[in-house]
Visitor: 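Have a look at the structure that comes next, please.
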Amino acid sequence: LRGGTLPGHAPDREGVRRARAEAAHLARQLGYRPGGAPDDVESAGIVLAFAYPDRIAQRRPGQAARYLLRNGRGAALAAPSALAAAPYLVAAELDGQGRESTLYLAAPVELAELLAHFGEQVEREEVVEWDAAAGAVRALRRERLGALVLRQAPLPDADPAAVAEALARVVEEEGLDVLGWSRHARQLQARLGFLRALDPAWPDVSDAALAATARAWLLPHLYGLRRRDELQRLDIGMLLEGMLSWEQRRRLDELAPAHLEVPSGSRIPVDYADPAAPVLAVRLQEVFGWTETPRVGGGRVPLTLHLLSPAHRPVQVTRDLASFWKTGYFEVKKDLKGRYPKHYWPDDPLQATPTRRTRPR
């Protein structure tokens with residue numbers, strides 16, 4: 001290295017001789033005249049760069065002895081060396097095996113030399129991308145030689161459309177959890193999923209569909225945003241409602257109500273997590289007098305009733321409330337009366353007063 005070899009490794013002297021000859025030939029063609037003799041150690045790096053331009057390498061940030069080659073492959077020094085901290089070098093000999101080649105022979109090169117002699121090959125670009133560590137979109141003006149980023153600086157006047165696109169890509173790639181979902185938004189998503197199972201005219205708002213179509217429904221609302229916390233403040237429920245037609249908005253509460261009022265007067269939320277069997281979990285005492293199982297979906301789907309004890313533990317699951325009053329209630333009543341003797345357990349539940357209290361007033 002720098003005209004020598006790594007300990008324990010015999011260099012391919014003929015290969016090195018050919019490399020030097022080819023480098024000298026290329027240097028003459030390109031008009032390069034090193035200041036020293038042909039074997040000047042200080043000139044070895046740039047001469048090798050002319051011979052092997054794809055082997056120009058940049059040290060990986062924070063990783064001594066590990067490099068990224070211009071062609072995008074990795075390389076690592078075979079043994080400890082003074083070159084381990086060199087910001088840039090050119091590989092003269094490497095094995096080319098595996099995902100990361102072993103680098104046996106190399107010489108350092110300065111960034112200024114690369115810019116002076118390969119400047120016309122440097123690509124200048126504006127990059128707008130998501131920085132996961134910072135939790136924000138970053139915009140950079142970047143100079144690149146193949147896979148190597150030579151220089152970069154913040155881009156203060158990034159295109160707002162490009163920033164919004166970067167945020168949309170985050171949602172597509174990382175999933176919807178990057179957004180701030182409220183309980184209301186998740187419940188609305190489940191209600192719409194239930195209605196779509198009955199009628200495909202309703203929009204598909206499953207997580208997979210929303211992630212795949214993020215640009216269509218989310219992109220217009222991302223302008224002016226840049227950080228993860230701003231994403232999480234979006235009102236996702238409002239955005240889901242924006243996918244509905246006027247007629248669908250009008251019929252939403254009728255076909256898939258968020259809550260149902262039970263005989264006691266309580267408004268109980270309906271759980272649509274399973275579109276085939278939405279659930280109403282309610283204390284048994286609050287539905288005395290309810291003769292039929294309530295239905296949703298325009299009367300097409302009976303709710304699955306989770307009848308609860310005073311401690312909110314399920315004591316019966318049924319989709320046929322009338323049958324439960326005739327047969328199952330009396331066994332349940334016997335058990336509950338023993339466990340909750342102060343509560344109201346009437347002999348005729350259809351004529352009893354429903355209550356949210358221990359006993360009706």
Visitor: Taking 4.0 angstrom as the limit, do R141 and E126 come out as a salt bridge?
Guide: yes
Visitor: Would you indicate whether E110, at its atom CD, is surrounded by more than 12 heavy atoms from other residues, nucleotides or ligands within a distance under 6.0 Å?
Guide: no
Visitor: So W345 and Y340, would you call those rings parallel, tilted or perpendicular, with 30° and 60° as cut-offs?
Guide: tilted
Visitor: Going through the distances and angles, do L244 and W202 end up as a side chain to side chain contact (heavy atoms under 4.5 Å, CB included)?
Guide: CA-CA 8 Å; L244 305 179; W202 289 82; 4.1 Å; yes
Visitor: Out of curiosity, does F118 fall in the hydrophobic cluster containing L115 (side-chain heavy atoms, cut-off under 4.5 Å, transitive links)?
Guide: yes
Visitor: Taking 4.0 angstrom as the limit, do R226 and D131 come out as a salt bridge?
Guide: no
Visitor: Can you classify the ring geometry of F324 versus Y329 as parallel (below 30°), tilted (30 to 60°) or perpendicular (above 60°)?
Guide: perpendicular
Visitor: Look only at the side chain of R124 and the backbone of V122, and say whether a donor-acceptor pair between them is shorter than 3.5 Å.
Guide: yes
Visitor: Donor-acceptor pairs under 3.5 Å, side chain of residues 83-91 to any protein atom, not counting sequence neighbours: which ones?
Guide:
unit_1, atom_1, unit_2, atom_2, d
Y88, OH, Q58, NE2, 2.9

Visitor: Can you establish whether the number of heavy atoms outside R359 located under 6.0 Å from its atom CZ is more than 12?
Guide: yes
Visitor: Take atom CZ of R183 as the centre, draw a 6.0 Å sphere, and report whether it contains more than 12 heavy atoms from other residues, nucleotides or ligands.
Guide: no
Visitor: Under the 3.5 angstrom rule, does the side chain of Q285 hit a backbone N or O of P310 as a donor-acceptor pair?
Guide: no
Visitor: Atom CD of residue position E331 - does it have more than 12 heavy atoms of other residues, nucleotides or ligands inside 6.0 Å?
Guide: no
Visitor: Using residues 147-167 as the side-chain source, report each donor-acceptor pair under 3.5 Å to any protein atom, sequence neighbours left out, with the distance given to one decimal.
Guide:
unit_1, atom_1, unit_2, atom_2, d
R151, NE, E143, OE1, 3.1
R151, NH2, E143, OE1, 3.0
R151, NH2, E143, OE2, 3.4
Q152, OE1, R142, NE, 3.1
Q152, OE1, R142, NH2, 3.2
D159, OD1, A161, N, 3.1
E165, OE1, R215, NE, 2.8
E165, OE1, R215, NH2, 3.1

Visitor: Say you draw a straight line from CG of L176 to CD1 of I236; how long is it, rounded to the nearest 0.5 Å?
Guide: 8.0 Å
Visitor: Ignoring hydrogens and angles, tell me if any N or O in the side chain of R66 forms a donor-acceptor pair with the backbone of R60 under 3.5 Å.
Guide: no
Visitor: Taking R169's backbone N and O only, do any of them form a donor-acceptor pair with W130's side chain (distance below 3.5 Å, no angle check)?
Guide: no
Visitor: Say you draw a straight line from CG of L305 to CD1 of I268; how long is it, rounded to the nearest 0.5 Å?
Guide: 11.5 Å
Visitor: What residues join L69 in its hydrophobic cluster, counting side-chain heavy atom gaps under 4.5 Å, either direct or through other members?
Guide: L94
Visitor: Can you tell me if CZ on R233 sees more than 12 non-hydrogen neighbours from other groups inside 6.0 Å?
Guide: yes
Visitor: Is it true that D177 and R228 have a side-chain N and a carboxylate O under 4.0 angstrom from each other?
Guide: no
Visitor: Donor-acceptor check, side chain of R283 to backbone of R356, threshold 3.5 angstrom: yes or no?
Guide: yes
